[in-house]
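Structure record follows, encoded as structure tokens.
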Number of protein chains: 2
Amino acid sequence: MEQHVNTAERILETAFELMQTRGYNAFSYADVAERVGIRTASIHYHFPAKSDLAREVCAHYRTALIATLAAIDRDLTDPADRLQRFVALQGRGLDHRPPMCLCALLAAECPTLPEEVNVEVRGFLSDQETWLTRVLGDGVATSAFCLTVAPEDAAQVLRAGLAGAMLAARASNDRTRYDTIAQSLLTALLRSH
Amino acid sequence: MEQHVNTAERILETAFELMQTRGYNAFSYADVAERVGIRTASIHYHFPAKSDLAREVCAHYRTALIATLAAIDRDLTDPADRLQRFVALQGRGLDHRPPMCLCALLAAECPTLPEEVNVEVRGFLSDQETWLTRVLGDGVATSAFCLTVAPEDAAQVLRAGLAGAMLAARASNDRTRYDTIAQSLLTALLRSH
DNA sequence: GTCTATAGCCCGATAGAC
DNA sequence: GTCTATCGGGCTATAGAC
């Protein structure tokens, strides 16, 4: 019988939380089943293979990322404000744990990931860098700030720095590390006139 | 009978290469045994548990890192040159694969790592940031360059950025990405007078 | 759609012969 | 020190009852 709250959705949400904390290789169908309150065989009904589940988790949250970026564009106009909001949203970790971007975690596992998941990871990176490049370019065009490198290079530096900051924050179990590094990074990248 | 070339050393070297490419969870004693040309039981003789092997791999290469940093200090005096050398050495990947720092990879697995390995990962981060802070501080003191943030903050930004750059390079399977991001990062951080 | 049961594999680890 | 043999467990995945 179909659950009142869609089972596939609950599986996706649970798998996302596990992947965001443990990555792909270190979570199992048994972990998901236990949390959702079903058996592993039921997960296979909705997602035949683990790679299917992981791919759909990525696709689901890439869509959410795109929506988040669109919301930033809608709510704020100043490029510097948009960047601050982006940094802050990335910094919202699960519960009270350090923040972690699914994309950054999976990037570390790339050589052992199913190719279809790797495709999503590269898409994640591309989505973020495309948006960052545009916002950074806008900032230069409107003289909101100036850059010492090209917008597309600054975008890659910013995204890489935030990913490294999340890893450092989780490794040292210190949430504040992300914010410290993120703000220093913005200070170093963006110059007011 | 003891091997002509110490078996424990060969195990350590092989385990290091596997950990640098796959991380901790995705390599097995079987992988190491096959490459070294022995049986898994023989590895257990030298390293009783997998956590023992991983800890010793980390300790071994932390020592190598310290030696490398000391060599940079010995060979070069200009702080900017020292930073460039640091970036270049980190960028030397295995074979023709993208560069990857053992520490950055393991940081992604922290929540699933044996605590004794986590201790080494934090030590790795600390070693690098201590050295970078000193070199960056030297650069400011000798007016070789100036910083827009405190040396300890710039050190964290630099290390995080390089870690993120390695992950991006490996995810997109593009070695040049590391160099591009690293140079942009240095350009943004260091200002000449 | 969810279950029980199980296949088949890989894993880390140990016992004991040599 | 290295081997063979094996244990116990976790994993992904499937078959088939309900």
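Throughout, a chain's letter reflects where its sequence line sits, starting with A, and its residues are numbered from 1.
- Atom C1' of nucleotide dG1(C) and atom CZ of Arg39(A) are separated by 15 Å, given to the nearest angstrom.
- Rounded to an integer number of Å, the gap from CD1 of Ile43(A) to P of dG1(C) is 15 Å.
- In this structure, the OH atom of Tyr45(B) is 18 Å from the P atom of dA13(C), given to the nearest Å.
- Within the structure, a side-chain polar atom (N or O) of Ser28(A) is placed less than 4.0 Å from OP1 or OP2 of dC11(D).
- In this entry the distance linking CG of Asp52(B) with P of dT14(C) reads 10 Å, nearest Å.
- Note: His60(B) and Phe16(B) fail the aromatic proximity criterion, with ring centroids not under 6.0 Å apart.
- Ile66(B) and Val135(B) fall into different hydrophobic clusters, where Ile, Leu, Val, Met, Phe, Trp and Tyr residues are linked whenever their side-chain heavy atoms come under 4.5 Å apart, directly or through other members.
- Spacing between atom CG of Asn25(B) and atom P of dG10(D) amounts to 16 Å, rounded to whole angstrom units.
- The listed nucleotides are dT2(C), dA13(C), dA13(D); the one nearest the side chain of Thr40(A) is dA13(D).
- Among dA13(D), dG1(D), dG1(C), the nucleotide with an atom closest to any side-chain atom of His44(A) is dA13(D).
- Going from atom CG of Asn6(B) over to atom C1' of dT2(D) covers 14 Å, rounded to whole Å.
- Residues Val87(A) and Leu83(A) fall within the same hydrophobic cluster, defined by Ile, Leu, Val, Met, Phe, Trp and Tyr side chains chained together at heavy-atom separations under 4.5 Å.
- With rounding to whole Å, Lys50(B) atom NZ is found 15 Å from dT14(C) atom P.
- Both Phe47(B) and Val57(B) belong to a common hydrophobic cluster when Ile, Leu, Val, Met, Phe, Trp and Tyr are linked at side-chain heavy-atom distances under 4.5 angstrom.
- Backbone-only engagement by Phe27(A) is indicated by non-hydrogen atom pairs under 4.0 Å involving sugar-phosphate atoms exclusively.
- Closest to the side chain of Tyr29(A), out of dT2(C), dC11(C), dT12(D), is dT12(D).
- Residues Ser28(A) and Asp31(A) form a side-chain contact, since some pair of their non-hydrogen atoms from C-beta on lies under 4.5 Å apart.
- At a threshold of 4.5 Å between non-hydrogen side-chain atoms, the residues Phe86(A) and Leu69(A) count as touching.
- With distances taken from any side-chain atom of His46(A) to the nucleotides dT12(D), dC3(D), dT2(C), the minimum falls on dT2(C).
- Of the two residues contacting DNA chain D, namely Ala41(A) and Asp31(A), the nearest-nucleotide position lying further toward the 5' end is that of Asp31(A).
- Checking the phosphate oxygens (OP1, OP2) of dG1(D), no side-chain nitrogen or oxygen of Thr7(B) falls inside 4.0 Å.
- Checking the phosphate oxygens (OP1, OP2) of dC3(D), a side-chain nitrogen or oxygen of Ser42(B) falls inside 4.0 Å.
- Each of Gln90(B), Glu129(B), Gln128(B) was compared with Arg159(B) under the side chain to side chain donor-acceptor pair (under 3.5 Å) criterion, and only Glu129(B) meets it.
- Residues of residues 106-116 of chain A that place a heavy atom closer than 4.0 Å to DNA chain D do not occur.
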